[in-house]
Amino acid sequence: MSLGEKLRNLRLKTRKTLCEQSKILSVSMNSVYRWEHDLALPRKPILKMMADYYGVPLDWLLSEISSSSLISNSEQVLLSMFRKLPDNSRYKVLGYVERMCVEESKSDYYR
């Protein structure tokens with residue numbers, strides 16, 4: 001389970017909204033969204049604060065199952081292609097994918 005999945009599950013178990021979580025951590029809702037969707041990583045002090053808040057070990061939050069069997073073939077191909085790109089192109093791809101995710105979440109909201 002990824003860090004983002006763990007953070008989202010913890011937030012949902014405590015019935016907190018993105019807004020409430022962002023206020024607790026004194027960060028933007030966008031930051032919480034990006035962390036939960038593995039688009040960005042929170043800084044270590046924020047991770048420590050979340051571990052303390054949820055009563056979980058920091059090591060558990062940071063541990064991640066990294067088995068290639070959990071990654072589909074198309075994800076493996078995408079990752080392989082992404083790794084071949086220069087850094088400036090990687091940032092463009094990440095920006096594009098992030099915009100797609102935000103648009104998708106907006107369209108899910110209105111369904």
Side-chain angles (χ1 to χ4, degrees):
M1 181 182 302
S2 74
L3 173 62
E5 291 170 320
K6 290 176 184 179
L7 295 176
R8 180 175 168 79
N9 287 341
L10 287 168
R11 179 177 61 79
L12 294 176
K13 282 182 183 177
T14 57
R15 299 178 187 239
K16 298 286 184 224
T17 65
L18 280 173
C19 183
E20 291 168 328
Q21 183 69 58
S22 68
K23 287 179 183 176
I24 290 166
L25 299 171
S26 300
V27 297
S28 70
M29 282 184 6
N30 188 44
S31 291
V32 176
Y33 174 89
R34 290 170 50 86
W35 300 335
E36 289 185 1
H37 290 84
D38 295 310
L39 298 172
L41 292 172
R43 294 189 178 167
K44 197 157 191 165
I46 297 287
L47 280 170
K48 176 76 173 112
M49 190 184 312
M50 285 190 275
D52 291 344
Y53 179 80
Y54 290 118
V56 298
L58 182 58
D59 290 345
W60 176 79
L61 272 181
L62 296 174
S63 67
E64 185 174 324
I65 298 171
S66 59
S67 168
S68 61
S69 64
L70 297 176
I71 300 174
S72 71
N73 288 339
S74 60
E75 290 169 328
Q76 289 176 3
V77 170
L78 182 60
L79 181 57
S80 174
M81 291 169 43
F82 181 79
R83 287 181 173 161
K84 293 177 185 176
L85 294 171
D87 284 344
N88 62 334
S89 294
R90 287 181 182 186
Y91 290 118
K92 289 178 184 176
V93 169
L94 291 173
Y96 177 73
V97 171
E98 182 178 354
R99 286 189 302 276
M100 287 178 60
C101 289
V102 169
E103 289 301 316
E104 185 64 28
S105 69
K106 286 179 184 177
S107 66
D108 286 346
Y109 179 78
Y110 291 108
R111 287 183 191 167

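Note that this is a predicted model, so its numbers are computed, not measured. Quick note: residue numbers are just sequence positions, from 1.
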Tell me which pairs pass salt bridge (charged side-chain N to carboxylate O under 4.0 Å, His left out) where either residue lies in residues 17-28, with sequence neighbours left out. none
Can you tell if the side chain of K44 reaches within under 4.5 Å of the side chain of L58, non-hydrogen atoms only? yes
Side-chain donor-acceptor pairs under 3.5 Å in residues 79-90, sequence neighbours left out?
{"from": "R90", "atom 1": "NE", "to": "F82", "atom 2": "O", "distance (Å)": "3.2"}
{"from": "R90", "atom 1": "NE", "to": "L85", "atom 2": "O", "distance (Å)": "3.2"}
{"from": "R90", "atom 1": "NH2", "to": "R83", "atom 2": "O", "distance (Å)": "2.6"}

Does a side-chain heavy-atom distance below 4.5 Å link M29 with V32? no
Side chain proximity check, W35 to Q21, heavy atoms < 4.5 angstrom: no
Taking only residues two or more places apart in sequence or in another chain, which ones pass side-chain contact (heavy atoms from CB on, under 4.5 Å) with L39? Y33, R34, H37, E98
Kindly compute the distance separating NZ (K6) from OH (Y54), expressed to the nearest 0.5 Å. 14.5 Å
Not counting sequence neighbours, which residues clear side-chain hydrogen bond (donor to acceptor under 3.5 Å, both in side chains) with S31? List them please. S28
Nearest 0.5 Å, what's the CE-CH2 distance between M1 and W60? 6.5 Å
List for me each residue that meets salt bridge (Lys or Arg N to Asp or Glu O under 4.0 Å) alongside K48, sequence neighbours excluded, and say none if there are none. D52
Are the side chains of L18 and E36 in touch, meaning some heavy atoms are under 4.5 Å apart? yes
NZ-CG distance between K13 and L10, expressed to the nearest 0.5 angstrom: 6.5 Å
